[in-house]
Amino acid sequence: MIYLDYSATTPVSYDVLESYNKATRDYMGNANSIHALGVKSKVLLNSATKQICELFHIQEEELIYTSGATEANNMALKGIAMAYRGRGNHIIVSKLEHPSIYKICDFLEKQGFSISYVDNDQDGLVDFEDLKKKIKPETILVSICAVNSEVGVRQPLKTIRQIIKKENNNTIFHSDMTQAIGKIAVNLFDVDLASMSGHKIFGPKGIGFLYKSNKVHLVPLIHGSGKFNELRSGTPPLPLIVALSKALRIALTDLEKKEALVRKLNQKLVAIFSQYESICINQTKYSIPHILNISLLQVRPETFVHAMEENEVYISTNTACSSGDLSTAVMAMCQDKQRARSTIRISLSHVSTNEEISRFLNIFQLEYKKLVNLMEKSK
Ligand code: PMP
């Protein structure tokens, strides 16, 4: 099999699974219990949390574990909206967000919030002038993805933060960092809140976190005993947290070396795709190399994904979360419906190999030729 859908999810790495298994086997106590078994679990929990916080230079109370990035995004947007509604009802997001952000915005709009969508240029970069114009005294939150999941465009969060705070120092800045953390270096101090997910970094599914600066407040989505964390009650899922900590430590090691490796593979793919007139490469100078989005103008993307699957090659149409729709990111960048309708996303990781990419390209070219011929004949 050739797996090139690492932005949809990743396999759990061996060492991470070992950590998960050990925590499950040897630490059965509820970390909220006061007896010895609970205390033993609490010690492990504290140590896993401390390790994560050290990686990002944040305080332990600034880390809120969630089931993943969808929950973290909900917690951030709804939590801020509820906490600061007395100050204003205006929220700004980009046109290159994950569908979860748009769904939350739709919900908040029905609750009386006003949502603005900031423009971007054709390379996917947020339009700074438009952002400036859109920030008003009643703007409580701006949410901008660190790296878009469809085309991999990376936003300059530090500059965006400076713009936001200059226009309105009270406006809070959230970033969905799900496709950034573990792939490129990030600085959580560029934002007030950040979402991430373990299963994108060779960790297990069902765990992620929201970073929340001590300077901002949230209304919790989940109420309960508040023993572990008053912003997200419930028994802490110790094995998942330990596994997340392990996955993060591995992911953040040799980040630049791994990125350089992925860049080479990306270039090898682009060199072949650019030989085809009927293939548009939706990669801009701001795209990270892990995500390569192309439009196959002569074939249906779903048909192509299934044809590749017949060869045990796994890629996706736009994203696992929005397959079948127009690619929002490609639409936002080029306003070309045909191009946005025919996208394929190939997502790489540092475990992808040169040999895999060569085999992938052979299969790709064979299947593409077959489907294009079929389309021509049926005309
Ligand atoms: N945000 C982005 C940018 C993503 O790529 C994803 C995963 N497709 C999510 C949020 C949702 O993450 P999770 O599966 O952890 O809920």
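Whatever order the structure lists them in is the order used to number ligands and atoms, beginning at 1.
A donor-acceptor pair shorter than 3.5 Å can be found between the side chains of N282 and S295.
The closest non-hydrogen atom to atom 15 (O) of ligand 1, taken over S195, A72, S197, comes from S197.
Taking a cutoff of 4.0 Å between a charged side-chain nitrogen and a carboxylate oxygen, D254 and K258 do not qualify as a salt bridge. Under 4.0 Å is where a charged nitrogen must lie from a carboxylate oxygen, and between D190 and R161 no such pair does. Residues D127 and K133 are not paired through a salt bridge, judged by the lack of any N-O separation under 4.0 Å between the basic side chain and the carboxylate.
Between A69 and ligand 1, at least one pair of N/O atoms sits closer than 3.5 Å. On a distance-only criterion, S7 and ligand 1 share no N/O pair closer than 3.5 Å. Here's the thing with K200: one of its N/O atoms is less than 3.5 angstrom from an N/O atom of ligand 1.
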For this session: Starting from the C-alpha separation in whole Å, work towards a yes-or-no answer on side-chain hydrogen bond (donor to acceptor under 3.5 Å, both in side chains) for E71 and S67.
Result: CA-CA 6 Å; E71 184 185 332; S67 60; 2.7 Å; yes

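Residue H199 has at least one heavy-atom neighbour below 4.0 Å for each of these atoms of ligand 1: 13 (P), 14 (O), 15 (O). Using a 4.0 Å cut-off to heavy atoms of G68, the atoms of ligand 1 that qualify are 15 (O). Every atom of ligand 1 with a heavy atom of T178 under 4.0 Å away is listed here by number and element: 1 (N), 2 (C), 3 (C), 4 (C), 6 (C), 10 (C). Using a 4.0 Å cut-off to heavy atoms of Q179, the atoms of ligand 1 that qualify are 3 (C), 4 (C), 5 (O). Against a heavy-atom cut-off of under 4.0 Å, T70 is close to the following atoms of ligand 1: 11 (C), 12 (O), 13 (P), 16 (O).
Within the 4.0 Å heavy-atom shell around ligand 1 one does not find E97. Ligand 1 has no atom lying under 4.0 Å from any heavy atom of E71.
Between the side chain of S197 and the main chain of K200, no donor-acceptor pair closer than 3.5 Å is present. With hydrogens and angles ignored, the 3.5 Å screen pairs no side-chain donor or acceptor of Q179 with any backbone N or O of N148.
At a threshold of 4.5 Å between non-hydrogen side-chain atoms, the residues M177 and L157 count as touching.
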